[in-house]
Amino acid sequence: MLLQCLVQLREYLNESKIIKMKKLKLNITRVLVAILVLTSFVACDEVGDTDPGGTSAEAFAGDWFISATNPAGAPVSSHLLFSTYNTAANDNTLWLDDHNLAAAKKFKVKVTFNNDGTFSVTSATSAYGTKTVTITDGKIEKNAATTQGGHTVDKISFKAEFSGEPGIIYSYVGEKRTGFLEDEY
């Protein structure tokens, strides 16, 4: 009889532990679901201004196909890919970059631009070497060029004088890259 009572007590305690464990698991599950639900509501909350804004140079930024001529008007390069993009300072400066592709005339310089699309720089050291470049008569004109595919795009033009050839001024003219296959060179 005593043995039977001990067995029943043991079974009761085991059942009690199982019930407590089930309740604990249920409570943990409820807490986790509650946390999940609450974080999903908080994650969807838009706080403050979500517009990242732009840069001061965004109207003039882009890729360009540019051709260069020497002072006599003879072609020096044809349809090279240049880029204009903002500097880290985000002031009225932008990079004018030929991606180190323009043969002996390679340059990447910071130019100062105005809201009317004009830009220039005097004796700027190229990021691709020790030579300096002076950019004059720089201008980006909206919808002033036509691509070979017939699209109307922005036009860029400027004159450049390099420290290795003082007094010799090269002319650069090009159009903004569209990304369309028929406009690629």
Side-chain angles (χ1 to χ4, degrees), residues 46-185:
E46 289 187 27
V47 178
D49 185 13
T50 58
D51 182 15
T55 66
S56 62
E58 71 182 314
F60 309 115
D63 290 331
W64 308 84
F65 288 115
I66 297 179
S67 298
T69 57
N70 65 17
V76 175
S77 62
S78 180
H79 308 295
L80 288 179
L81 182 64
F82 277 67
S83 292
T84 53
Y85 46 92
N86 64 292
T87 63
N90 198 28
D91 53 7
N92 284 355
T93 58
L94 59 83
W95 286 105
L96 179 59
D97 184 0
D98 72 357
H99 301 284
N100 211 13
L101 298 173
K105 309 293 180 242
K106 300 172 186 174
F107 65 92
K108 175 183 176 182
V109 292
K110 286 183 191 179
V111 297
T112 303
F113 68 89
N114 301 309
N115 289 335
D116 64 356
T118 59
F119 60 91
S120 63
V121 69
T122 303
S123 297
T125 301
S126 173
Y128 294 139
T130 58
K131 69 180 169 191
T132 62
V133 182
T134 297
I135 304 290
T136 57
D137 299 331
K139 184 151 184 80
I140 295 175
E141 302 171 72
K142 296 293 180 189
N143 300 321
T146 304
T147 65
Q148 65 181 359
H151 300 95
T152 301
V153 293
D154 297 347
K155 175 184 176 183
I156 189 171
S157 60
F158 59 92
K159 296 184 185 294
E161 180 180 359
F162 299 91
S163 59
E165 299 176 282
I168 298 175
I169 299 173
Y170 293 88
S171 296
Y172 290 79
V173 177
E175 74 253 2
K176 196 163 195 176
R177 183 181 187 194
T178 64
F180 295 126
L181 186 59
E182 65 265 21
D183 292 332
E184 294 292 311
Y185 288 96

Between [X] and [Y], a side-chain donor and acceptor under 3.5 Å:
X: Thr146; Y: His151; answer: no
X: Tyr128; Y: Asp98; answer: no
X: Asn143; Y: Thr152; answer: no

Minimum side-chain heavy-atom gap [X]-[Y] below 4.5 Å:
X: Leu96; Y: Phe158; value: yes
X: Thr84; Y: Asp97; value: no
X: Ile168; Y: Pro71; value: yes
X: Glu141; Y: Lys155; value: yes
X: Phe65; Y: Asp183; value: no

Output yes when a side-chain donor or acceptor of [X] lies under 3.5 Å from a complementary backbone atom of [Y], and no otherwise.
X: Lys108; Y: Gly129; value: no
X: Thr69; Y: Pro75; value: no
X: Asp154; Y: Lys176; value: no
X: Asn70; Y: Ala74; value: yes
X: Ser163; Y: Thr132; value: yes
X: Glu161; Y: Pro166; value: no
X: Thr118; Y: Lys139; value: no
X: Asn114; Y: Gly117; value: no

Using 0.5 Å steps for rounding, measure from the CG atom of Asn100 to the OG atom of Ser126.
7.5 Å
Rounded to the nearest 0.5 angstrom, the CG-NZ distance for Asn86 and Lys110 is 11.0 Å
Classify the angle between the aromatic ring planes of Tyr172 and Phe82 as parallel (below 30°), tilted (30 to 60°) or perpendicular (above 60°).
perpendicular
Parallel, tilted or perpendicular for Trp95 and Tyr85, by the 30°/60° rule?
tilted
Minimum heavy-atom separation for [X] to [Y], with atom names?
X: Phe113; Y: Leu94; value: CD2-CD2, 3.6 Å
X: Asn90; Y: Ser56; value: OD1-N, 2.8 Å
X: Ser123; Y: Thr134; value: N-OG1, 3.0 Å
X: Gly179; Y: Glu184; value: CA-OE2, 3.8 Å
X: Ser67; Y: Ser78; value: OG-CA, 3.6 Å

In this structure, which one of Ile135, Asn92, Thr93 forms a side chain to side chain contact (heavy atoms under 4.5 Å, CB included) with Phe119?
Ile135
Before you tell me yes or no, could you show the steps for Thr178 and Val153 under side-chain contact (heavy atoms from CB on, under 4.5 Å), namely the whole-Å CA-CA distance, both residues' side-chain angles and the distance that decides it to 0.1 Å?
CA-CA 8 Å; Thr178 64; Val153 293; 3.4 Å; yes
Would you sort out whether Thr136 and Ser120 count as a side-chain contact (heavy atoms from CB on, under 4.5 Å), showing the intermediate values?
CA-CA 5 Å; Thr136 57; Ser120 63; 5.5 Å; no
I'd like to know whether Leu81 forms a side-chain contact (heavy atoms from CB on, under 4.5 Å) with His99, so could you lay out the CA-CA distance, the side-chain angles of the two residues, the decisive distance to 0.1 Å, and finally the verdict.
CA-CA 7 Å; Leu81 182 64; His99 301 284; 4.3 Å; yes
Ile140 and Trp64: side-chain contact (heavy atoms from CB on, under 4.5 Å), yes or no, with the steps?
CA-CA 11 Å; Ile140 295 175; Trp64 308 84; 3.7 Å; yes
